[in-house]
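Here the structure is laid out as structure tokens; the discussion comes afterwards.
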Amino acid sequence: MSPLSDLEQQRLAKAERIRQRGIDPYPPRVKRTHTTQEAIVAFEKAGEDDELTVSVVGRLMSVRTMGRSTFAHIADGSGRLQIYLRQDDLGQETYEFFDRDFDLGDFIGVTGTLFRTRTGEITVRVQNFEMLAKSLHPLPEKWHGLKDVETRYRHRYADLIANEDVRQVFITRTRIVSALRRFLDSRGFLEVETPILQPIYGGAAARPFVTYHNQLHQNLFLRISFELYLKRLIVGGYERVYEIGRDFRNEGVSYKHNPEFTQLEFYWAYADYNDLMDLTEEMIATVAQEVLGTTRITYQGHEIELAPPWRRIPLRQAILEETGIDYEAYPDAESLLQAIRNYGGAAEPKATRGKLIDPTLTNYVEAKLIQPTFLYDYPVEVSPLAKKKPDDPTHVERFEFFIGGLEMGNAFTELNDPVDQEQRFLEQRQAYAAGDEEAHPMDEDFLLALRYGMPPTAGWGMGVDRLTMLLTDQSSIRDVILFPHLRSKD
RNA sequence: GAGCCGCUAACUCAAUGGUAGAGUAUCUGCCUUUUAAGCAGAAAGCUACAGGUUCGAAUCCUGUGCGGCUCACCA
């Protein structure tokens with residue numbers, strides 16, 4: 001800890017003076033009859049003439065002292081309430097105790113009667129008060145709030161104290177997660193939990209974090225997806241399962257990437273990717289309606305309508321429309337690479353054909369997909385866990401969906417042919433050997449599970465943080481994650 | 001990983017080579033219905049850190065740290 005500032009020294013001295021009065025500045029219990037909002041509601045119900053006495057608690061957010069009377073605002077979890085202290089109510093000694101030893105940021109409990117001030121604000125006329133917790137560090141500035149983004153992220157509590165809009169964003173986030181759960185629960189999906197520490201990672205194309213178990217002398221990976229475990233549960237006989245939890249990917253940080261992020265995945269036996277598109281539209285529209293009361297939202301200045309139906313176009317067509325490149329016209333990686341370069345794009349020279357197509361989508365198409373859009377039918381090379389189209393073995397029954405220029409999620413008809421799956425893993429192994437660090441590793445136990453037999457199944461995944469960005473109109477993922485990853489300061 | 005921008009009092013910001021300032025918060029007075037309360041006064045800084053140039057550096061140069069944006073990376 002750095003040495004205490006003068007302001008902190010002053011507050012510490014006040015805490016000591018309080019102790020010398022025989023008062024604990026951090027008492028263990030408190031009397032509370034109403035939240036601040038309950039007090040306001042009770043007053044409005046009771047009628048102005050009733051003597052309504054309440055005990056309310058909260059953090060001192062502002063103090064206006066005018067000689068022998070003082071107005072202040074306290075904030076609790078429900079909102080704010082004004083309190084009013086008068087020397088002729090409290091006595092000189094007690095009044096001066098407040099004036100001298102209470103600071104902005106302190107938690108205070110007050111008991112008094114409610115009244116309405118001359119300017120109309122419902123206010124507690126304080127009969128007695130007590131210190132609930134002394135604050136030693138000064139609050140951010142009351143008018144401009146806390147703006148420094150680094151401080152806001154590193155000391156999120158200060159951000160939440162100072163910036164009500166930030167507090168609201170995270171309340172909305174919680175409501176979004178609740179609405180997602182309600183949606184799936186009401187359709188018979190079973191919420192489950194699967195391992196975060198995994199001996200083999202998989203289910204996505206990403207580099208993992210590695211950790212070590214001391215007793216087992218074993219390397220473990222933090223999961224990059226839930227996919228392979230959830231499909232094992234479908235093998236086991238559950239027909240509808242989902243999980244909401246944290247994924248970890250060892251890759252760059254950006255406005256839409258945090259190393260740990262919240263994912264929702266569900267698996268649905270006897271359904272296919274067409275059913276998933278229908279359910280996706282319904283889910284997102286339902287969540288928006290429940291959380292925001294509308295399906296029409298504004299994201300970064302764009303008006304977006306989330307109600308079904310959404311646009312559905314093949315990936316091939318989307319790339320063709322945006323770039324003029326029909327990747328089907330280029331049967332090998334060399335010719336496709338040349339086409340991308342002719343368009344003015346940069347691409348990895350040694351990439352496979354599939355690995356050329358995917359960045360083309362990301363770089364040139366994704367940002368244009370403002371209204372909700374499904375892009376469907378992806379190249380098989382970049383989709384090792386998805387089922388091939390019956391009439392076209394070079395493509396799989398897979399879609400990604402985009403809103404506000406953000407990739408929100410990914411889904412497909414699951415590959416349940418264990419022989420085909422093994423073949424795909426072997427191809428991924430070759431890709432890894434050729435330098436693709438994100439190639440999917442072989443998972444023998446997963447193959448064994450498929451050999452037991454998995455019914456036709458559709459699987460789906462979505463970034464909950466990105467959905468929250470969309471529904472709270474935040475441009476950075478750090479503003480929807482309470483404690484986003486930052487580099488350590490020494 | 002690269003480029004650009006930023007880091008000044010607890011907070012929000014000024015000061016572009018010549019004595020580091022303001023508002024809020026704090027402290028001291030005055031003030032019993034205020035609400036960004038008001039009035040008067042005071043205190044508060046290793047200008048992120050380390051070097052360099054200069055008679056003189058918050059300011060110019062180099063390096064380091066952290067952050068933001070853009071790019072790269074990234075289902």
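Below, chain A is the first sequence line, B the second, and so on; all start at residue 1.
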- [ ] Please name the pair of heavy atoms, one in Ser225(A) and one in Glu265(A), separated by the smallest distance, quoted to 0.1 Å.
- [x] CB-OE2, 3.5 Å

Open item on the list: On the side chain of Arg68(A), is there an atom forming a donor-acceptor pair with the base of U32(B) - under 3.5 Å, no angle test?
Closed with: no

Considering only distance and modelled atom types, tabulate donor-acceptor pairs under 3.5 Å from the side chains of residues 274-281 of chain A, sequence neighbours left out.
from, atom 1, to, atom 2, distance (Å)
Asp275(A), OD2, Asp272(A), N, 2.9
Asp278(A), OD1, Arg312(A), NH2, 2.7
Thr280(A), OG1, Leu276(A), O, 2.6
Thr280(A), OG1, Trp460(A), NE1, 2.7
Glu281(A), OE2, Trp310(A), N, 2.8
Glu281(A), OE2, Arg312(A), NH2, 3.4

Open item on the list: A quick test of your reading: do over 12 heavy atoms of other residues, nucleotides or ligands sit less than 6.0 Å from OH of Tyr432(A)?
Closed with: no

TODO: Please work out if Gly461(A) contacts a base, only the sugar-phosphate, or nothing of the nucleic acid, heavy-atom cut-off 4.0 Å.
DONE: nothing

Open item on the list: Under 3.5 Å, is there a donor on one side chain and an acceptor on the other for Glu251(A) and His257(A)?
Closed with: no

TODO: Find the distance between CG (Asn250(A)) and CD (Glu260(A)) and round it off to the nearest 0.5 Å.
DONE: 12.0 Å

TODO: Identify, residue by residue, the members of residues 421-432 of chain A with a heavy atom below 4.0 Å from RNA chain B, and return them in order of residue number, or none.
DONE: none

- [ ] On RNA chain B, check which nucleotide each of Leu486(A) and Glu121(A) is closest to and give me the residue with the more 5' one.
- [x] Glu121(A)

Open item on the list: At 4.0 Å (heavy atoms only), tell me whether Phe115(A) reaches a base, stays on the sugar-phosphate, or touches nothing.
Closed with: base

Task: Rounded C1' spacing from C49(B) to G18(B) in Å - done: 25 Å

Task: Shortest side-chain distance from Asn363(A), nucleotide among C74(B), G68(B), U33(B) - done: C74(B)

TODO: Using the P atom as the reference point in each nucleotide, state the distance between A15(B) and C73(B) in Å, no decimals.
DONE: 39 Å

Open item on the list: Regarding Pro379(A), tell me which of base, sugar-phosphate or nothing describes its non-hydrogen contacts under 4.0 Å with the strands shown.
Closed with: nothing

- [ ] Select one nucleotide: of A75(B), U12(B), U32(B), the one nearest the side-chain heavy atoms of Asp88(A).
- [x] U32(B)

- [ ] Answer with yes or no whether the side chains of Thr36(A) and Asp76(A) bring together a donor and an acceptor at under 3.5 Å.
- [x] yes

- [ ] Output yes when a side-chain donor or acceptor of Ser69(A) lies under 3.5 Å from a complementary backbone atom of Thr65(A), and no otherwise.
- [x] no

Task: Within residues 69-87 of chain A: residues closer than 4.0 Å to RNA chain B (heavy atoms) - done: Ser69(A), Phe71(A), His73(A), Gln82(A), Tyr84(A), Arg86(A)

Task: Side chain Arg152(A), main chain Val166(A), donor-acceptor under 3.5 Å - done: no

- [ ] Could you identify which residues of residues 244-254 of chain A place a heavy atom less than 4.0 Å from some atom of RNA chain B, listed by residue number, or say none?
- [x] Glu251(A), Gly252(A)

Task: Span that lies between the C1' atom of G65(B) and that of G29(B), in whole angstrom - done: 45 Å

Task: Aromatic ring proximity Phe221(A)/Tyr201(A), centre distance under 6.0 Å - done: yes

TODO: Please list, chain by chain and in numerical order, all residues satisfying salt bridge (Lys or Arg N to Asp or Glu O under 4.0 Å) with Arg21(A), sequence neighbours excluded.
DONE: Glu93(A)

Task: C1'-based separation of C27(B) from A2(B) [nearest Å] - done: 50 Å

Open item on the list: Taking only the P atom of each, what is the distance from A58(B) to C46(B) in whole angstrom?
Closed with: 13 Å

Open item on the list: On the nucleotide C74(B), are OP1 or OP2 found under 4.0 Å from the side-chain N or O atoms that Arg207(A) carries?
Closed with: no

Task: Separation between the C1' atoms of A40(B) and G68(B), rounded to whole Å - done: 42 Å

TODO: Taking only Lys NZ, Arg NE, NH1 and NH2, and the carboxylate oxygens of Asp or Glu, determine whether Asp358(A) and Arg353(A) approach each other closer than 4.0 Å.
DONE: no

Might you list the N or O atoms of the protein lying below 3.5 Å from N or O atoms in nucleotides 44-50 of chain B, with each pair's distance?
none

Task: Nucleotide nearest Glu438(A) when distance is taken to its side chain, options C13(B), C11(B), A75(B) - done: A75(B)

Task: Basic-acidic side-chain contact under 4.0 Å: Lys231(A), Glu414(A) - done: yes

Task: Selected nucleotide, minimal atom distance to Arg125(A) side chain, candidates U33(B), G68(B), C13(B) - done: U33(B)

- [ ] Select one nucleotide: of C11(B), U34(B), A75(B), the one nearest the side-chain heavy atoms of Thr117(A).
- [x] U34(B)

- [ ] Using a 4.0 Å cut-off on protein heavy atoms (strictly under), produce a 5'-to-3' string for nucleotides 2-8 of chain B with B for base contact, S for backbone-only sugar-phosphate contact, and - for none.
- [x] -------

Open item on the list: Are Phe98(A) and Phe129(A), when compared by the centres of their aromatic rings, separated by less than 6.0 Å?
Closed with: yes

Task: Inter-residue atom distance Phe248(A).CZ - Leu222(A).CG, 0.5 Å rounding - done: 5.0 Å

Task: C61(B) to G17(B) separation - P atoms, rounded to the nearest Å - done: 12 Å

Open item on the list: What contact category does Ala204(A) fall into here, base, sugar-phosphate, or nothing, at under 4.0 angstrom with non-hydrogen atoms?
Closed with: nothing

TODO: Determine whether the aromatic ring centres of Phe97(A) and Phe102(A) lie less than 6.0 Å apart.
DONE: yes

Task: Asp106(A) and Met131(A): CA distance, side-chain angles, deciding distance, side chain to side chain contact (heavy atoms under 4.5 Å, CB included) verdict - done: CA-CA 7 Å; Asp106(A) 292 351; Met131(A) 176 68 72; 3.4 Å; yes

What's touching nucleotides 25-29 of chain B from the protein side, N or O pairs under 3.5 Å?
from, atom 1, to, atom 2, distance (Å)
A25(B), OP1, Lys142(A), NZ, 2.8
U26(B), O2', Gln10(A), OE1, 2.1
U26(B), O2', Gln10(A), NE2, 3.1
C27(B), OP1, Lys14(A), NZ, 2.4

TODO: Can you sort out the partners of Lys147(A) under salt bridge (Lys or Arg N to Asp or Glu O under 4.0 Å), two or more places apart, ordered by chain and number?
DONE: none

Task: Bracket notation of RNA chain B in which parentheses pair within the strand, [ ] cross earlier pairs, and | pairs with another strand (Watson-Crick or G-U, under 3.5 Å) - done: (((((((..((((....[..)))).(((((.......))))).....(((((..]....))))))))))))....

Open item on the list: Whether Arg398(A) and Asp377(A) form a salt bridge (side-chain N of Lys/Arg under 4.0 Å from carboxylate O of Asp/Glu) is what I want to check.
Closed with: no

- [ ] Using the P atom on both, measure G63(B) against C39(B) and round to a whole Å.
- [x] 49 Å

Task: Pairing residues for Phe71(A) by the ring pair (Phe, Tyr, Trp, His ring centres under 6.0 Å) criterion, not counting sequence neighbours - done: Tyr84(A)

TODO: List for me each residue that meets salt bridge (Lys or Arg N to Asp or Glu O under 4.0 Å) alongside Glu381(A), sequence neighbours excluded, and say none if there are none.
DONE: none

TODO: Select base, sugar-phosphate, or nothing to describe what Arg152(A) touches, counting heavy atoms under 4.0 Å on all strands.
DONE: nothing

Open item on the list: Side chain of Arg154(A) only, heavy atoms from C-beta on: which candidate in A36(B), C74(B), C66(B) is closest?
Closed with: C66(B)

TODO: Find out whether Asn416(A) and Thr457(A) are in side-chain contact, i.e. whether some heavy atom of one side chain is under 4.5 Å from a heavy atom of the other.
DONE: no

Task: Charged N-O contact under 4.0 Å between Lys388(A) and Asp392(A) - done: no

Open item on the list: Quick check for you: to the nearest 0.5 Å, what is the distance between Leu385(A) atom CG and Phe425(A) atom CZ?
Closed with: 5.5 Å

Open item on the list: Taking 4.0 Å as the cut-off, does a side-chain nitrogen or oxygen of Arg64(A) come that near to OP1 or OP2 on U33(B)?
Closed with: no

